[in-house]
Amino acid sequence: MTDQIQPTVVLKDGLPMPQFGLGVFQTPPETTARVVKMAVDEGYRAVDTASMYRNEEGVGKALDGRTDVFITTKLGNSDHGFDEALRAFEDSARRLRRGALDLYLIHWPRPRVNRYVESWKALVRLQQEGRVRSIGVSNFNQSHLERIIAETGVTPAVNQIELHPRFQQKTLREFHDERGIKTESWSPLGRGALLSEPAIVSMAAKHRKTPAQVVIRWHLDSGLIVIPKTVRLERLRENVGALAFRLDDDDIGRIEALDSPAGRIGPDPATAAF
Ligand SMILES: NC(=O)c1ccc[n+]([C@@H]2O[C@H](COP(=O)([O-])OP(=O)(O)OC[C@H]3O[C@@H](n4cnc5c(N)ncnc54)[C@H](OP(=O)(O)O)[C@@H]3O)[C@@H](O)[C@H]2O)c1
């Protein structure tokens with residue numbers, strides 16, 4: 001168990017959210033309960049799952065109703081629409097063994113399907129009814145955000161987007177800051193590819209830390225919510241070890257210089273075919 005103090009961010013509706021947590025995308029359903037239990041034993045207090053990851057049951061089994069671990073899950077792409085979203089939420093809450101969830105996100109806007117405003121209205125209803133403590137979105141660009149805010153008057157608390165040193169999303173982050181939306185980084189390690197980047201490797205040597213710890217620390221020092229995924233105990237320990245040091249201004253400048261318009265590794269939400 002780590003004795004690090006867990007940093008938190010306060011969402012626009014007042015809810016404190018751990019700034020660091022475990023992502024479980026591509027964690028196999030049959031090993032998810034074991035991985036989440038190990039993570040909680042190592043001091044993790046937040047888990048990011050989704051109905052599309054097919055492993056909510058494993059998360060629910062590991063946590064078994066405990067409410068001191070912050071659970072985020074997401075509305076699946078095939079569940080857009082008002083009634084569909086309400087039903088999908090009930091299914092997720094049952095699989096997660098929780099009467100109320102901490103944070104529910106729309107996973108992708110799916111602009112071609114064009115039902116994300118209806119879906120957002122369902123999330124607003126779920127929060128009003130106390131079924132979920134906070135609501136947000138994922139993979140929304142500025143125009144998607146502006147549309148749901150204009151049509152409902154409710155601003156999402158969080159937008160979870162692809163974000164790592166090679167793809168820093170500075171323009172969208174500025175818009176989030178103007179509107180009080182917290183930015184959450186998905187694929188924060190660039191799925192591991194970033195960890196052999198020479199600038200990161202040299203900073204790690206300087207601080208006697210690992211490249212993953214440097215990258216996670218950059219997210220934390222940038223005010224981002226960060227959810228690195230791993231299935232291995234030694235990496236769970238390594239990643240939570242990022243809570244224990246700080247980067248200096250020179251490091252931050254060198255990481256900022258890695259940003260590239262070509263750095264995206266996942267789908268572009270504006271053009272994704274699904
Ligand atoms: N909203 C969305 O559309 C969306 C999309 C993608 C991801 N996400 C969320 O963001 C979370 C994180 O993103 P991600 O899983 O795509 O990528 P990531 O966290 O950037 O990277 C995970 C990869 O890095 C490896 N890794 C983890 N810690 C490491 C370390 N200390 N040293 C070396 N390698 C390490 C993992 O391997 P091992 O597991 O083998 O250790 C895995 O292959 C997801 O799990 C999910 O919760 C959301």
Side-chain angles (χ1 to χ4, degrees), residues 17-29 31-32 34-36 38-39 42 44 46-56 58-59 69-77 92 96 102-110 116 136-141 144 156 158-169 172 182-197 200-201 204 209-220 224-244 258 263-270 272 274:
M17 174 175 182
Q19 201 186 347
F20 173 86
L22 175 72
V24 296
F25 175 47
Q26 294 178 328
T27 300
T31 54
T32 299
R34 186 175 58 80
V35 172
V36 171
M38 284 193 300
E42 293 303 318
Y44 286 65
V47 179
D48 181 85
T49 184
S51 63
M52 291 198 294
Y53 301 167
R54 306 261 171 246
N55 57 20
E56 289 174 315
V59 175
V69 178
F70 189 105
I71 302 181
T72 301
T73 194
K74 311 184 193 84
L75 177 74
N77 283 344
S92 285
L96 289 162
D102 297 302
L103 179 62
Y104 196 44
L105 307 178
I106 299 178
H107 204 147
W108 288 88
R110 304 195 77 203
Y116 62 89
V137 296
S138 176
N139 299 303
F140 274 43
N141 63 26
H144 306 135
V158 170
N159 189 14
Q160 184 185 111
I161 53 176
E162 180 181 340
L163 203 162
H164 42 77
R166 289 208 183 113
F167 194 63
Q168 298 183 20
Q169 300 255 33
L172 189 50
K182 294 292 180 199
T183 306
E184 181 168 22
S185 305
W186 67 250
S187 293
L189 304 175
R191 300 217 170 119
L194 262 171
L195 305 179
S196 50
E197 169 69 46
I200 304 278
V201 172
K209 296 288 174 188
T210 68
Q213 288 171 330
V214 166
V215 174
I216 294 166
R217 190 67 239 174
W218 172 78
H219 289 273
L220 296 170
L224 303 162
I225 302 161
V226 61
I227 45 169
K229 172 262 177 186
T230 181
V231 294
R232 305 171 201 222
L233 177 59
E234 68 277 14
R235 288 181 175 172
L236 287 169
R237 283 190 183 141
E238 177 184 337
N239 294 351
V240 78
L243 301 182
L258 299 175
R264 193 192 283 281
I265 53 177
D268 182 341
F274 47 81

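Indexing begins at 1, ligand by ligand and atom by atom, following the structure's order.
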Asks: With distance as the sole test, does Q19 use its side chain to make a donor-acceptor pair with the main-chain N or O of L224 at under 3.5 Å?
Replies: yes
Asks: Do Y53 and P29 make a side-chain contact, defined as non-hydrogen atoms from C-beta onward lying under 4.5 Å apart?
Replies: no
Asks: Taking any residue with a non-hydrogen atom under 4.0 angstrom from an atom of ligand 1, which ones do you get?
Replies: G23, V24, F25, D48, Y53, K74, H107, W108, S138, N139, Q160, W186, S187, P188, L189, G190, R191, G192, L195, A212, I227, P228, K229, T230, V231, R232, R235, E238, N239
Asks: Nearest heavy-atom pair of L75 and I106: which atoms, and what distance?
Replies: CB-CA, 4.2 Å
Asks: Go through H219 and S185 one step at a time and tell me if the side chain to side chain donor-acceptor pair (under 3.5 Å) criterion holds.
Replies: CA-CA 8 Å; H219 289 273; S185 305; 3.0 Å; yes
Asks: Does the pair K229/D48 count as a salt bridge with the N-to-O cut at 4.0 Å?
Replies: no
Asks: Using a 3.5 Å distance criterion without hydrogens, assess whether the side chain of E162 forms a donor-acceptor pair with backbone atoms of G266.
Replies: yes
